[in-house]
Amino acid sequence: MLNSSGVRTQRRNSRPLSVGEMDCLEPKTKNNLTGKLLLIASLIILAIIVISQASSFTSPRFSQREEGVTHVLVTGGAGYIGSHAALRLLRDSYRVTIVDNLSRGNLGAVKTLQRLFPQTGRLQFIYADLGDPAAVEKIFSENAFDAVMHFAAVAYVGESTLYPLKYYHNITSNTLGVLEAMARHKVKTLIYSSTCATYGEPDKMPITEDTPQVPINPYGKAKKMAEDMILDFSKNSDMAVMILRYFNVIGSDPGGRLGEAPRPELREQGRISGACFDAARGFIPGLQVKGTDYKTSDGTCIRDYIDVTDLVDAHVKALEKAQPRKVGIYNVGTGKGRSVKEFVEACKKATGVEIKVDFLPRRPGDYAEVYSDPTKILKDLNWTARFTNLQDSLQVAWRWQKIHPHGYASY
């Protein structure tokens with residue numbers, strides 16, 4: 001399977017039992033398996049109910065505005081980037097409501113945040129699907145939000161080509177629902193999480209905010225549609241809007257409290273860092289890098305890798321600088337491209353593992369390099385990437401991965 005950086009992950013020669021094979025199991029084995037599955041399902045449902053009820057929709061602290069306190073709704077706040085954003089907001093004394101349906105997010109990340117910030121009125125979690133209009137209306141009618149950071153989205157390029165309608169519904173349609181609810185309930189600020197995938201295959205590097213947006217996959221197209229919708233709405237609205245288009249995200253919380261933990265069935269769709277860590281831990285035999293004859297310094301693709309801590313910092317600065325009736329659009333990247341070969345070597349050093357790598361011919365459709373021009377965000381928001389050493393970012397992420405080999409499964 002290929003990921004967005006031209007890396008193919010290899011799978012071990014193991015496979016799940018088919019239905020027919022499961023029918024051949026002895027009755028005792030089948031009963032044990034069924035019992036375990038039912039127990040696991042029951043525990044998951046119970047955990048969701050308990051944690052949802054622990055943060056009621058109608059908590060007085062969250063339903064009323066309080067002078068000097070900014071209440072931020074973080075959609076997708078149980079996910080990789082959203083949970084890191086919630087951590088930073090809470091650390092900066094914002095009031096935070098996380099809404100997530102846990103289809104891609106991790107309940108363990110929410111529980112970690114709740115342990116770190118147990119004080120009344122700091123954090124609440126609402127288990128809900130943004131595709132449910134009644135649930136969205138209930139959330140907005142029972143909570144007094146000052147701003148929304150909208151992260152919630154499915155976000156795998158390869159998956160989007162297989163299930164395009166899922167992406168248009170989850171990204172474009174759900175964003176419409178959030179925007180309508182914000183307008184009805186007079187929420188004044190939107191920070192929208194977008195992507196460099198809206199640019200497609202630019203003719204010139206580096207990418208500026210004025211680079212034409214010509215997305216080439218349903219993920220990028222769905223994000224661009226959402227952007228267009230927001231921009232059209234903003235023309236006749238007092239809402240403050242910030243749209244952040246970011247590049248390849250890596251790293252994790254330097255304090256070791258949060259990390260990246262995609263669901264097992266989605267690992268093959270994930271980031272190059274996840275593939276490198278899986279190879280380092282022996283979950284997969286190695287990596288296949290597709291393409292060594294590009295017109296780059298070492299022949300492999302070049303990408304712009306942004307540390308999640310820097311990315312979250314950009315979101316907070318955008319929130320601080322957002323102005324009514326104004327729209328800000330910014331690329332969030334380091335401004336420096338790194339080759340896939342550089343990335344793999346940095347991962348080897350960060351993990352201390354000599355990862356097996358096979359270099360193969362390029363795959364059709366891959367472009368040689370993509371990296372940002374961060375001039376505008378530096379000028380307007382005084383933001384610049386600080387964690388730009390690949391090996392350091394990967395070492396931080398690897399530290400969390402080693403302690404949590406199965407992600408948040410033990411939480």
Side-chain angles (χ1 to χ4, degrees), residues 1-9 79-82 84-85 151 153-160 193-202 205-207 211 215-217 219-220 223 244-252 259-260 262 266-278 287 289-291 294 296 298 300-315 330-347 350 363 365-374 377 383-398 401:
M1 296 293 295
L2 297 167
N3 65 24
S4 62
S5 298
V7 174
R8 181 185 293 273
T9 59
Y80 169 44
I81 299 171
H84 282 77
F151 293 99
V154 285
Y156 294 117
V157 169
E159 185 188 43
S160 78
S193 168
S194 194
T195 170
C196 65
T198 63
Y199 293 114
E201 300 182 51
M205 288 292 136
I207 294 174
T211 297
I216 61 173
N217 53 64
Y219 171 57
K223 281 287 189 179
L244 304 184
R245 299 170 183 156
Y246 41 89
F247 289 67
N248 298 61
V249 187
I250 60 170
S252 64
E260 183 179 12
L266 297 170
R267 299 183 86 95
E268 293 175 345
Q269 303 280 1
R271 296 175 176 84
I272 181 176
S273 55
C276 283
F277 294 149
D278 282 351
L287 301 174
V289 175
K290 304 284 285 186
Y294 291 99
T296 60
D298 62 22
T300 61
C301 295
I302 289 177
R303 300 291 183 263
D304 191 341
Y305 297 99
I306 177 75
D307 192 288
V308 68
T309 301
D310 282 330
L311 177 60
V312 164
D313 185 52
H315 280 77
Y330 299 100
N331 289 334
V332 187
T334 65
K336 183 177 181 180
R338 307 294 182 88
S339 74
V340 171
K341 188 177 287 187
E342 281 183 276
F343 190 98
V344 173
E345 290 305 312
C347 193
R363 63 179 179 181
D366 266 341
Y367 34 92
E369 57 183 353
V370 174
Y371 60 96
S372 70
D373 178 349
I377 193 170
W383 177 91
T384 188
R386 295 179 296 134
F387 300 96
T388 58
N389 184 294
L390 269 182
Q391 185 176 331
D392 289 349
S393 290
L394 291 171
Q395 280 177 331
V396 170
W398 176 241
Q401 295 286 333

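When a residue number appears, it is its place in the shown sequence, counting from 1.
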If you compare all heavy atoms of [X] against all heavy atoms of [Y], which two are closest, and at what distance to 0.1 Å?
X    : Y    : result
L390 : A346 : CB-CB, 4.0 Å
L394 : S273 : CD2-CB, 4.1 Å
S393 : I250 : CB-CD1, 3.8 Å
V312 : A85  : CG2-N, 3.6 Å
P215 : A197 : CB-O, 3.6 Å
Y80  : G259 : CD1-O, 4.0 Å

* **Check against side-chain contact (heavy atoms from CB on, under 4.5 Å), N331 and I377** => CA-CA 7 Å; N331 289 334; I377 193 170; over 6 Å; no
Keeping [X] on the side-chain end and [Y] on the backbone end, is there a donor-acceptor pair under 3.5 Å?
X    : Y    : answer
K223 : C196 : no
D373 : P206 : no
D304 : G335 : yes
T300 : K341 : yes
D298 : S339 : no

* Asked: Per the side chain to side chain contact (heavy atoms under 4.5 Å, CB included) rule, which among I272, T388, T334 passes with Y305?
  ->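 Testing Y305 for a side chain to side chain contact (heavy atoms under 4.5 Å, CB included) against I272, T388, T334 leaves exactly one candidate, I272.
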* Asked: Do the two ring centres, one from Y246 and one from H315, sit under 6.0 Å apart?
  ->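 Distance test on ring centres: under 6.0 Å, yes.
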